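All values derive from a computational prediction rather than experimental measurement. Sequence lines set the chain letters: A, B, ... in the order given, protein chains first and strands last, and positions in each chain run from 1.
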Number of protein chains: 2
Amino acid sequence: MQHRDLGLTPVHESQDDLCVARVPVFAKLPRATQLEIAGYARPRKLRAGEALYRQGDAIAQLFVVHTGTSKLTQSRADGEWLVRTVGPGEVVGEHAFLTGARPDDTVTALEDSQMCVFDHRDLGRIISAHPQVAIEMLRAVSTRLQRAERRITALAGTDAVTRLSDYLLGSPFARDGETAVVTLPMTKREVASYLGMTPESFSRALARLTKSGAIEVDGPRIRLLDPAKLTS
Amino acid sequence: MQHRDLGLTPVHESQDDLCVARVPVFAKLPRATQLEIAGYARPRKLRAGEALYRQGDAIAQLFVVHTGTSKLTQSRADGEWLVRTVGPGEVVGEHAFLTGARPDDTVTALEDSQMCVFDHRDLGRIISAHPQVAIEMLRAVSTRLQRAERRITALAGTDAVTRLSDYLLGSPFARDGETAVVTLPMTKREVASYLGMTPESFSRALARLTKSGAIEVDGPRIRLLDPAKLTS
DNA sequence: CGATAGGTTGAAAGTGATCAAACGCTGTGG
DNA sequence: CCACAGCGTTTGATCACTTTCAACCTATCG
């Protein structure tokens, strides 16, 4: 495994270093610790459309996203479902990394991406030496769990238009003058899958919100003309 | 069962000790470490129906369930939804514990229960001193996350009978001769909520599976007569 | 007992899925 | 430059399903 000489950081680490420093999980650590941790990381590049790993692969690695966004999907008898998307600073593969189990999801890059890769066998060493890392990872995973559990109750209890409204209100947005503009991260087909509906239903839900004057759709860009109408 | 008297154990520790030793998160630690951690824990007893905490409470504590089962629910505009149940050895409140944020769920005891309580302010100390605890907690949270994400795809994609079938096949069961018997952990109304359907639909789904000969229902007990029929 | 709560069953209504067709955009090859 | 193919998206019609509303049933409990 890589990572020798903890004291003397070689020049070629500069890229890993960037990765480690920019990511919330490691951001608060002292510089020296970041450099040490960078020693465990291997860089990995992905091109748009390329898979990071697939359901059932024998990998046991933690991936920290540096640049680019990817999608995490699960394949079932009834088709492929989008579980979530991951962007810079987020972490994937932690279940395999922590337990050694094979992943039951597939991660595919939506854009050209860069990641930091950590191996299962280094886990114990990193955490023993820097417990703060564990706390940050716990925070990250626990936050995702919270979001997932909230999404469960939303999927179980609300109709298509409400799910779409909640999704729009919860999405990152750009400002355009007074109004917020949400840009869909993927094709509408895939966003529909994320929201647990068919592309047709998604299209109809958008149409209904447009007719009510709540939003305005322009390709992947959605202007929230009247957020109050989305709260109903 | 565990917790025999190891001689040096102070009497007043016996209860906390029991708690710490029986729980997966702490089970693998050396005895001395367990005792030390037990020093941070406070016991807490709940009677059936009593709430451990409520959505929005200003608590920042980790609860480790020692005995009894509880339910974790989320209240939304459209009613109350069951998120999951927790039993001995499981952990609740970790999001509040880790981040200091207020919980957005409510935990209610289904039976008389005992818990160990850890305070947010002790978190750093425990984990710095015993990083192994952090790894175990990460494993636990990450496993729950995995389950939650799988449940999301199930809720999104399948019909009522399939969801019920999958639920039965995934539930812990007792053996009765050849056949497995699943006992519902709560009222059917609440299990229905867990599966994202109304009590009526739940009842009808049970009826259909009964008519097809796959199961036999006797109050909260469900005999899986023909598991193969549930796999369809 | 009557009352309450959980559970079941029936009929009606609503919603999303499915199937099918058409639109618009993009890239390709004649 | 244009015709065409392919894909994502939209729209319409139909169908299957779950929800809703209502009645009824059955235990438990004061």
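For the pair A:Leu155 CG and C:dG16 C1', the interatomic distance rounds to 14 Å; values are reported in whole Å. What separates CG of B:Leu195 from P of D:dC17 is a distance of 18 Å, to the nearest Å. As rounded to whole Å, 14 Å separates atom P of C:dG24 from atom NZ of A:Lys188. Rounded to a whole Å, the CZ atom of B:Arg189 is 13 Å from the C1' atom of D:dT20. The distance from atom CZ of A:Phe202 to atom P of D:dG8 is 15 Å, rounded to the nearest whole Å. With rounding to whole Å, B:Glu190 atom CD is found 8 Å from C:dG6 atom P. In this entry the distance linking CG of A:Leu164 with P of D:dT9 reads 14 Å, nearest Å. Summarising the geometry, the separation between CG on A:Leu206 and P on D:dG8 is reported as 17 Å, rounded to the nearest angstrom.
In terms of phosphate contacts, B:Arg208 brings a side-chain nitrogen or oxygen within less than 4.0 Å of OP1 or OP2 of D:dT18.
At a threshold of 4.0 Å, the pair A:Glu149-B:Arg84 counts as salt-bridged, since one of the basic side-chain nitrogens sits closer than that to a carboxylate oxygen. For B:Asp57 and B:Arg54, the salt-bridge test fails: no basic side-chain N is under 4.0 Å from an acidic carboxylate O.
Comparing D:dT18, D:dT11, C:dG7 by their nearest atom to the side chain of B:Thr187 picks out C:dG7. Of the candidates C:dG16, D:dT20, D:dT11, D:dT11 carries the atom nearest the A:Glu200 side chain, counting heavy atoms from C-beta on. When each of C:dA17, D:dC21, D:dT9 is scored by its nearest atom to the side-chain atoms of A:Thr198, the top-ranked nucleotide is C:dA17. In this structure, of D:dT11, C:dG16, D:dT9, it is D:dT11 that holds the atom nearest to the side chain of A:Ala207. Distance from the side chain of B:Met197 is smallest to D:dT19 among C:dG7, C:dT18, D:dT19.
For A:Arg204 and C:dT18, a side-chain-to-base donor-acceptor distance below 3.5 Å is present, hydrogens and geometry of angles not being considered.
Contacts of B:Ser201 with the nucleic acid, taken as non-hydrogen atoms under 4.0 Å apart, include base atoms. In this structure, B:Gly196 reaches the sugar-phosphate backbone alone: every heavy-atom distance under 4.0 Å involves primed, P, OP1 or OP2 atoms, never a base.
Annotation: B:Tyr40 is not in aromatic contact with B:Phe26 [ring centroid separation under 6.0 Å not met].
Counting all heavy atoms, side chain and backbone alike, B:Glu216 lies closest to B:Leu225 at CB-CD1, 3.8 Å.
Checked against B:Leu72 for a side-chain contact (heavy atoms from CB on, under 4.5 Å), the options B:Val83, B:Leu52, B:Thr108 give a single hit: B:Val83.
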